[in-house]
Amino acid sequence: MSIVVFTEKNKAAAQIAGILSEGGFSRASIEGVPVYDFKKDGKEWRIMGLSGHIMGYDFPPELNNWRGCDPSVLLDTPPVKTVTKQPFASAIALLCSGADQIILACDFDREGENIGFEAKSLAEKVSNCPMKRARFSTLSPGEIKQAFSNLVEPDVNLAMSAEARQILDLKMGAAFTRFLTLAVQQRARTKEIISIGPCQTPTCGFVYEREKLIRDFKSKDFWKIEATFNHSGIDFTGMHRSGHIHDKAKADEIFSRIKGSKTGILVKKSVKESTTSPPYPLNTTEFLKRASKFLGISPENALEIAEQLYLSGFTSYPRTETNKYADDFDFQAKVLGFASGEYREYALAILSKPPVTCRNGTRDGHDHPPIYPIKAATKADIEKSVRIPDAWKVYDLVARHFLANLMQPAVFEKTHLEIGVKEEIFDTTGSVMKDPGWLAAYPFETKNDKFLPDIAVKEEVVIKKLSNTKSQTTPPKRLTEAELLTLMDKNGIGTKATAPSHIETNKKRGYFETKGKTISILDTGFTLMEALDSSVPILVKPAVRSRIEALIQEVEDGKKGFEDALEEGSVLIRDMYSHLITNKDQIVRNIAGTITDEQIAADKKNFIGQCPECGRMLRMVKTDNGRFVGCSGYSDCRKTYPLPKEGALTVARSKECKNAGIAVLKVGTKYFWSVGVGPCFKCEHEKECFPPDVVGPCPKCEGSMFILEMKENRFLACTRKCGHTQSLPKEGKLTIAGECEQCGWKRLSIKETGKDKKGKAVANPEKEAGVRELCINLRCPSRTGRKA
DNA sequence: GCAAGGTC
């Protein structure tokens with residue numbers, strides 16, 4: 001009797017072989033794919049790990065030339081499924097031809113079932129033996145043994161729901177992406193791909209919606225009246241009960257009534273105990289959010305680390321929607337495992353108050369338990385098995401979160417004081433932690449005490465300061481990665497496992513970027529979203545995904561046939577596509593315009609700045625009839641500025657025009673020209689903007705020596721024009737490089753280009769070319785060799 | 001060259 005088992009990945013195959021064989025297995029290789037063999041109860045077991053999906057959909061080859069077919073054809077053509085990882089397919093055929101039973105043991109979820117079916121479809125070509133399914137959600141010995149002694153039938157609906165998703169996602173992504181990319185490339189000389197997808201686009205949509213709120217925000221003035229009190233040597237602040245006052249007259253009126261007051265009276269005092277409950281158990285999204293917020297680890301990295309911790313047996317399966325434990329989850333046993341070592345004190349605190357109970361969440365994806373530590377581990381244990389930076393930090397978070405979840409609420413004493421100043425009331429609150437409860441195990445959440453002095457009602461407090469300050473309401477903040485993950489999760493965008501990758505896709509496409517933990521939209525992303533929002537609004541919103549998700553859920557539940565779901569999904573996509581076509585011109589014009597503008601801005605040689613008339617880009621334009629500054633919005637915008645007729649033009653980026661010019665240009669080596677203002681030598685600000693490069697005092701008169709660069713000559717001249725001059729090195733680029741310590745003149749750095757001082761080419765330019773630095777003063781001791 | 005979902 002020979003039993004063949006397929007798992008989703010190699011590491012899981014090795015783990016399962018270890019568990020089922022009690023450690024006595026050997027490793028073989030078929031077509032380069034590892035296989036784990038052992039004998040048990042007279043049966044021969046062979047366990048092979050796949051590599052996620054080993055098959056994939058694509059369009060028939062004749063549709064792979066983008067320009068060779070209209071993208072809409074993709075919507076009516078069924079894609080074809082082929083093997084994408086041939087060694088696995090060959091290995092499956094070899095393994096299964098002599099099998100008496102085949103067990104699919106991939107992860108217990110939609111894609112896992114589908115991956116199992118990929119192996120099943122290949123196995124069926126060489127074998128007609130029974131094929132069963134082992135279902136488990138952790139690689140713990142108990143659960144694995146349980147799963148393999150209670151095999152079930154493979155779930156065809158579950159597998160086909162994933163199939164429908166693959167096809168619909170590919171159709172939509174390919175058709176929309178090709179259509180927009182080709183149309184935009186036609187208008188703007190670019191090789192960028194404008195990609196659209198049912199997950200990446202609404203993800204960008206969230207960032208876009210927030211950006212709109214920020215851009216449209218109109219700030220309002222408000223006033224707040226605050227007091228600094230003192231009692232028994234302790235300062236504390238109170239705020240006038242009116243809070244934010246939007247009417248200045250009202251704020252002034254209140255303030256005039258209390259201004260100059262020296263004391264206040266405690267009118268009322270209340271002390272309440274409040275508790276803060278521990279967090280819910282971790283599901284994937286909550287885990288990724290906390291890893292980003294508390295540890296500063298990006299969602300992508302955090303998921304990778306959690307995957308490795310799972311494969312090494314430290315933590316449970318990291319891809320789960322569920323944040324509540326099953327009724328029979330044995331907390332007692334798990335916590336006992338932590339009763340020695342790092343987390344001892346928390347484990348003992350939990351065990352001292354039996355029975356051990358958790359604070360459960362409300363989400364149950366019927367998939368896997370929440371993420372929890374399978375076993376207690378030390379930093380050294382983790383670092384030995386999981387060689388990724390921050391693996392320990394992630395394990396520590398998971399372990400502490402697990403324990404915190406089982407601990408008592410934190411208890412705070414909250415004090416509220418009402419202090420009367422004349423007839424006006426000021427409020428102040430304090431908070432002191434009485435019992436840290438779960439917070440003891442969870443240093444990531446910090447709750448600072450805010451102490452208040454002990455005052456009795458009717459007692460007097462001293463007023464140290466009263467203020468009436470003007471403030472402004474602030475626009476909403478940019479989204480953080482943690483917030484974006486929350487939005488994606490709430491709206492069902494991507495799976496718990498892929499959310500990080502959709503964020504990455506948008507970054508790769510140049511739609512948005514992350515700065516630290518916050519996300520800002522980029523021009524291409526904003527324009528694309530804006531264009532889609534006005535033509536096919538559903539594309540920018542989560543609905544585009546949830547419609548398809550609902551369809552495939554029906555397939556999974558057996559309520560809808562696979563073909564019916566495909567057809568309904570295709571109708572939806574065709575409908576969106578037709579709206580895109582209708583608005584093609586406007587969409588493409590906007591996106592191409594933005595891309596063109598970005599290219600212009602990147603062309604440092606000719607880029608001038610933003611057009612004050614239309615907001616697009618100004619750049620230098622050279623034609624047969626001469627040169628000028630023009631706007632990228634031409635012909636809608638006809639803004640132009642003249643340029644001098646002769647001389648090489650370079651944009652002096654460091655110069656800013658004091659006379660409202662858009663940018664300052666250097667004309668040859670002669671003079672400066674401000675776009676929109678004209679030649680700088682006719683401007684009253686010229687001396688301010690372009691002070692001479694003074695290098696030291698004139699040795700002959702009261703004037704100063706400055707660098708005078710002429711067309712074919714350069715030397716030092718006196719600002720008083722006394723006639724004194726000094727020569728300068730003829731070759732190389734001159735830059736002033738600080739002050740000489742010996743004589744106080746400026747030092748000069750000279751960047752040479754393979755020529756000697758006399759301008760002759762050096763024998764070995766590689767070696768001799770370079771930067772040298774010297775004091776510019778010919779009389780300086782550093783040059784004459786005399787002492788200062 | 002296109003998506004999203006697995007895994008390396």
Side-chain angles (χ1 to χ4, degrees), chain A residues 6-13 32-34 48-59 61 63-75 77 79 81 84-85 87-88 106-119 159 161-185 190-204 284 300 303-304 306-308 310-311 317-319 387-388 488 492-506 508-509 539 544-545 548-549 552 569 573 577:
Chain A
F6 293 110
T7 66
E8 192 153 323
K9 47 199 161 273
N10 179 44
K11 275 198 176 179
V33 181
M48 186 177 104
L50 304 172
S51 178
H53 287 286
I54 56 169
M55 300 174 87
Y57 276 102
D58 204 351
F59 289 104
L63 297 186
N64 276 345
N65 176 4
W66 286 34
R67 292 170 196 281
C69 69
D70 189 280
S72 69
V73 174
L74 304 174
L75 299 177
T77 312
K81 195 172 193 181
T84 50
K85 289 170 186 159
F88 289 91
C106 296
D107 297 346
F108 176 28
D109 54 26
R110 207 180 259 165
E111 296 301 325
E113 199 72 19
N114 189 276
I115 291 163
F117 269 65
E118 290 175 10
S161 67
E163 207 82 356
R165 181 205 53 74
Q166 290 175 25
I167 294 170
L168 292 172
D169 285 351
L170 175 61
K171 279 194 173 186
M172 177 187 159
F176 284 60
T177 301
R178 284 192 198 183
F179 170 77
L180 280 176
T181 302
L182 292 174
V184 169
Q185 283 182 358
T190 175
K191 285 180 177 170
E192 299 290 320
I193 287 173
I194 310 292
S195 70
I196 298 290
C199 289
Q200 55 169 280
T201 305
T203 298
C204 193
T284 307
E300 206 182 35
L303 190 61
E304 169 63 18
E307 171 79 16
Q308 293 303 321
Y310 156 69
L311 291 171
Y317 189 65
R319 291 184 273 267
R387 295 174 188 276
I388 312 179
M488 295 172 75
I493 298 303
T495 68
K496 57 249 171 190
T498 59
S501 78
H502 301 311
I503 297 178
E504 294 301 314
T505 303
N506 277 290
K508 185 176 134 201
R509 294 283 182 235
L539 262 181
V544 64
R545 185 70 191 164
I548 291 184
E549 176 61 33
I552 60 179
I573 296 169
Y577 191 82

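Letters A, B, ... mirror the listed sequences (proteins, then strands); counts begin at 1.
- Between A:Arg110 and B:dA4 there is no side-chain N or O to OP1 or OP2 distance below 4.0 Å.
- A:Asn114 comes within contact range of no nucleotide atom at all, as no heavy-atom separation falls under 4.0 Å.
- Following rounding to the nearest Å, A:Phe179 (CZ) and B:dG1 (C1') show an atom-to-atom distance of 17 Å.
- For the OP1/OP2 pair of B:dG6 and a distance below 4.0 Å, the side-chain nitrogens and oxygens of A:Arg165 include no atom meeting the criterion.
- Side-chain N/O atoms of A:Thr505 include none lying less than 4.0 angstrom from OP1 or OP2 on B:dC2.
- Projected onto DNA chain B by closest heavy-atom contact, A:Glu304 and A:Ile167 fall at different nucleotides, the more 5' of which corresponds to A:Ile167.
- Within the 4.0 Å cut-off from OP1 or OP2 of B:dA3, not a single side-chain nitrogen or oxygen of A:His502 is found.
- Within the 4.0 angstrom heavy-atom criterion, base atoms lie near A:Tyr57.
- The side chain of A:Arg545 places an N or O atom within less than 4.0 Å of a non-bridging phosphate oxygen (OP1 or OP2) of B:dG5.
- Counting non-hydrogen atoms under 4.0 angstrom, A:Pro198 reaches the backbone sugars and phosphates but no base.
- Here the P atom of nucleotide B:dC8 and the CD1 atom of A:Ile54 are 13 Å apart, to the nearest Å.
- Within 4.0 Å of A:Ala497, counting heavy atoms only, lie sugar-phosphate atoms of the nucleic acid but no base atom.
- Residue A:Ser195 is in sugar-phosphate contact alone, with no base atom involved, counting any heavy-atom pair closer than 4.0 Å across all strands shown.
- Using a 4.0 Å heavy-atom distance criterion, A:Gly494 is classed as a sugar-phosphate-only contact.
- Side-chain contact between A:Phe88 and A:Met48: present, with at least one pair of heavy atoms (C-beta onward) separated by less than 4.5 Å.
- Atom pair A:Lys11:NZ and B:dG6:P shows a separation of 19 Å (rounding to whole Å applied).
- In this structure, A:Met172 atom CE and B:dA4 atom P are separated by 8 Å, rounded to whole Å.
- With A:Leu74 as the partner, the side-chain contact (heavy atoms from CB on, under 4.5 Å) test is satisfied by one option alone out of A:Met172, A:Lys171, A:Arg178: A:Arg178.
- Spacing between atom CG of A:Leu170 and atom C1' of B:dG1 amounts to 13 Å, rounded to whole angstrom units.
- The side chain of A:Arg178 lies closest to B:dC2, out of B:dA4, B:dG5, B:dC2.
- For A:Trp66, whose side chain is taken as the heavy atoms from C-beta onward, the closest listed nucleotide among B:dG6, B:dA4, B:dG1 is B:dG1.
- Summarising the geometry, the separation between CD on A:Glu8 and C1' on B:dC8 is reported as 13 Å, rounded to the nearest angstrom.
- Side-chain N/O atoms of A:Gln166 include none lying less than 4.0 angstrom from OP1 or OP2 on B:dA3.
- An OP1 or OP2 oxygen of B:dC2 is reached within less than 4.0 angstrom by a side-chain nitrogen or oxygen of A:Arg509.
- To the nearest 0.5 Å, atom CE of residue A:Met55 and atom CD of residue A:Glu118 are 6.0 Å apart.
- For A:Glu111, counting side-chain heavy atoms from C-beta on, the closest listed nucleotide (B:dC2, B:dT7, B:dG5) is B:dG5.
- Counting heavy atoms from C-beta on, the side chains of A:Thr84 and A:His53 never come closer than 4.5 Å.
- The phosphate of B:dG5 (OP1 or OP2) has no side-chain N or O of A:Ser501 nearer than 4.0 angstrom.
- For the pair A:Ile193 CD1 and B:dC2 C1', the computed distance is 7 Å after rounding to whole Å.
- Ring pair A:Tyr577/A:Phe179: centre-to-centre distance below 6.0 Å.
- One cannot find a donor-acceptor pair under 3.5 Å joining the base of B:dC2 and the side-chain atoms of A:Asp169.
- Atom CD1 of A:Ile196 and atom OG1 of A:Thr201 lie 4.0 Å apart (nearest 0.5 Å).
- Within 4.0 Å of A:Glu549, counting heavy atoms only, lies no atom of the nucleic acid at all.
- Side-chain atoms of A:Arg319 lie closest to B:dT7 of the nucleotides B:dC2, B:dG1, B:dT7.
- A donor and an acceptor atom, one from each side chain of A:Thr495 and A:Thr498, are located under 3.5 Å apart.
- The shortest distance between the side-chain N/O atoms of A:Thr498 and the OP1/OP2 oxygens of B:dA4 is not below 4.0 Å.
- In this structure, A:Phe117 places its CZ atom 17 Å from C1' of B:dG6, rounding to the nearest Å.
- Each of A:Thr181 and A:Ala499 lies near DNA chain B, and the nucleotide nearest A:Thr181 is the one positioned closer to the 5' end.
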